[in-house]
Each structure stands twice: as C-alpha cells, then as structure tokens.
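Comments concern the structure below.
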Amino acid sequence: MSTQSEGRRVDPDAPLDLADEKVLSALGAVVTTLDPVPEGLVDRVLFAMTLESLHVETMELRRIGVPESVLRGDEAPVEAQTITFTSADLSVMISLSPADGDVRVDGWISEPGVRSVELHRLGAQDETRTDAEGRFVFARVPHGQVSLVIRDGDRSPVSTPVIEL
C-alpha cells in the first residue's frame with residue numbers, strides 16, 4: 001500500500017532514503033533529550049545477558065543479617081555483611097567485608113568438596129577453587145555488580161543472582 005508524502009508516492013517497503021534518515025535523526029535527538037538511557041544500563045544489560053547465556057540454575061538470595069562490626073587483626077572495626085544463596089542442591093554463604101577500598105568475599109559451600117567458583121563482574125571474571133571443606137576467598141573485588149557461578153564436574157553450573165558490592 002502506498003501513501004502520499006509531499007506530493008510523491010511512498011512505498012513502505014522501499015529502503016530508507018535521506019528524508020527518512022533526517023526524520024529518524026530528529027526523532028532520536030528528541031528521545032535522547034527527553035528520555036535518555038540511564039547511565040550504566042547498557043553495561044548492566046550486557047552483564048545480565050552474559051550470565052543468562054551460561055545456562056545455569058540461579059540460586060535464591062537470602063540476607064542473613066544487617067551489617068555488624070567485626071575485627072581483623074589490629075585493624076579498626078569494619079562492617080561485614082553475610083548473604084546466603086540457596087538452590088535445590090546447594091547453599092552458598094558469603095561474608096562481605098571492606099578490603100582497602102575494595103571488598104573481600106569469604107565464602108562457604110554447604111556440601112564439602114573441591115569446586116570451581118567464578119566471580120563475574122562487568123568486563124572481568126575471577127576464578128578460584130574451594131578447599132575440601134567448601135571454603136573459598138576472593139581477597140579484593142572492586143565495588144560493583146557481581147555474580148558467582150559454581151561448577152562441580154558434570155553437574156549443571158549454579159549461579160547466584162547479581163548483587164551489588
């Protein structure tokens with residue numbers, strides 16, 4: 001079906017021409033001015049899509065308590081937070097504490113045994129292994145969004161939801 005535009009017939013299946021590009025450019029400028037994309041949204045979406053592409057079971061998040069004061073050696077008291085993630089087969093508890101401007105992540109997996117633990121964050125991935133009792137540590141993690149993926153041999157990987165450190 002054709003329509004009339006400025007005295008000429010327009011074919012809706014025709015490729016875009018210069019007039020179309022001018023209209024789209026003006027519309028894009030209006031949208032960018034009135035409703036800009038929130039800062040960091042594209043990175044957050046790409047991060048979530050990367051985790052989704054891993055085809056992993058996502059664990060449920062459970063906060064265990066409000067921040068509490070803890071001491072480490074001779075250091076002044078710092079705040080720590082404990083979070084537990086659960087799935088049908090596994091539970092993971094992590095404790096978050098400050099580490100010279102970054103975050104220290106100490107974790108424990110409910111089933112003893114050595115497993116691979118990946119810490120995914122925007123633009124990077126760190127990996128460690130648990131000890132025989134299921135304990136693992138990421139000593140210095142920059143603030144930002146992270147997710148853990150636990151791999152155990154032939155079993156399907158399990159992922160935590162994305163959390164903000």
Could you tell me whether the side chain of [X] and the main chain of [Y] form a donor-acceptor pair under 3.5 Å?
X	Y	value
S25	E21	no
S147	T160	yes
R140	D100	yes
R115	G113	yes
H143	L165	yes

Could you pull out all residues at least two apart from R155 that satisfy side-chain hydrogen bond (donor to acceptor under 3.5 Å, both in side chains)?
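R155 satisfies side-chain hydrogen bond (donor to acceptor under 3.5 Å, both in side chains) with E111, D152 only.
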In chain order, what residues pass the side-chain hydrogen bond (donor to acceptor under 3.5 Å, both in side chains) check against D131, with sequence neighbours excluded?
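So D131 forms no side-chain hydrogen bond (donor to acceptor under 3.5 Å, both in side chains) with any residue.
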Write out all pairs satisfying salt bridge (Lys or Arg N to Asp or Glu O under 4.0 Å) with one or both partners inside residues 24-36, taking only residues at least two apart or from two chains.
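Pairs touching residues 24-36 that pass the test: none.
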List the residues meeting side-chain contact (heavy atoms from CB on, under 4.5 Å) with V37, not counting sequence neighbours, and say none if there are none.
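With sequence neighbours excluded, V37 shows a side-chain contact (heavy atoms from CB on, under 4.5 Å) to L41, V42, given in chain and number order.
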Any residue meeting side-chain contact (heavy atoms from CB on, under 4.5 Å) with S116, in chain and number order, not counting sequence neighbours:
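S116 satisfies side-chain contact (heavy atoms from CB on, under 4.5 Å) with E118, E127, R129, R151 once adjacent residues are dropped.
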Charged N-O contact under 4.0 Å between K22 and D20:
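The answer is no: the pair does not qualify as a salt bridge.
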Taking all heavy atoms of P36 and all of T32, pick out the closest pair and write down the distance.
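Where P36 meets T32 most closely, the heavy atoms are CB-O, 3.4 Å.
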Closest heavy-atom pair and its distance - V141, D102
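Closest approach of V141 to D102: O-CB, 3.3 Å.
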Evaluate T82 against I94 for side-chain contact (heavy atoms from CB on, under 4.5 Å), listing each step before the verdict.
CA-CA 6 Å; T82 302; I94 60 172; over 6 Å; no
Verdict with reasoning, F138 to V146, per side-chain contact (heavy atoms from CB on, under 4.5 Å)
CA-CA 12 Å; F138 292 98; V146 301; over 6 Å; no
Non-hydrogen side-chain atoms of [X] and [Y] separated by less than 4.5 Å:
X	Y	value
L96	I83	yes
R135	D106	yes
R121	P142	yes

How long is the straight-line distance from CD of Q125 back to NE2 of H120, given to the nearest 0.5 Å?
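One finds 4.0 Å between NE2 of H120 and CD of Q125.
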Enter the distance from T128:OG1 to D126:CG here, rounded to the nearest 0.5 Å.
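That separation rounds to 9.5 Å.
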Starting from L16, walk the hydrophobic network (Ile, Leu, Val, Met, Phe, Trp, Tyr; side-chain heavy atoms closer than 4.5 Å) and list everyone else you reach, by chain and number.
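Answer for L16: L24.
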Verify the cluster assignment for M93 and V137: are they in a single hydrophobic cluster under the rule of side-chain heavy atoms below 4.5 Å apart?
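M93 and V137: separate clusters.
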Intermediate values then yes/no, side-chain contact (heavy atoms from CB on, under 4.5 Å), V114 and F136:
CA-CA 10 Å; V114 178; F136 61 93; over 6 Å; no
I'd like to know if the side chain of T86 pairs up with that of S91 as donor and acceptor (distance under 3.5 Å, no hydrogens or angles considered).
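Per modelled atom types, T86 and S91 side chains form no pair under 3.5 Å.
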Derivation of the side-chain contact (heavy atoms from CB on, under 4.5 Å) call for F85 and S159:
CA-CA 9 Å; F85 304 96; S159 174; over 6 Å; no
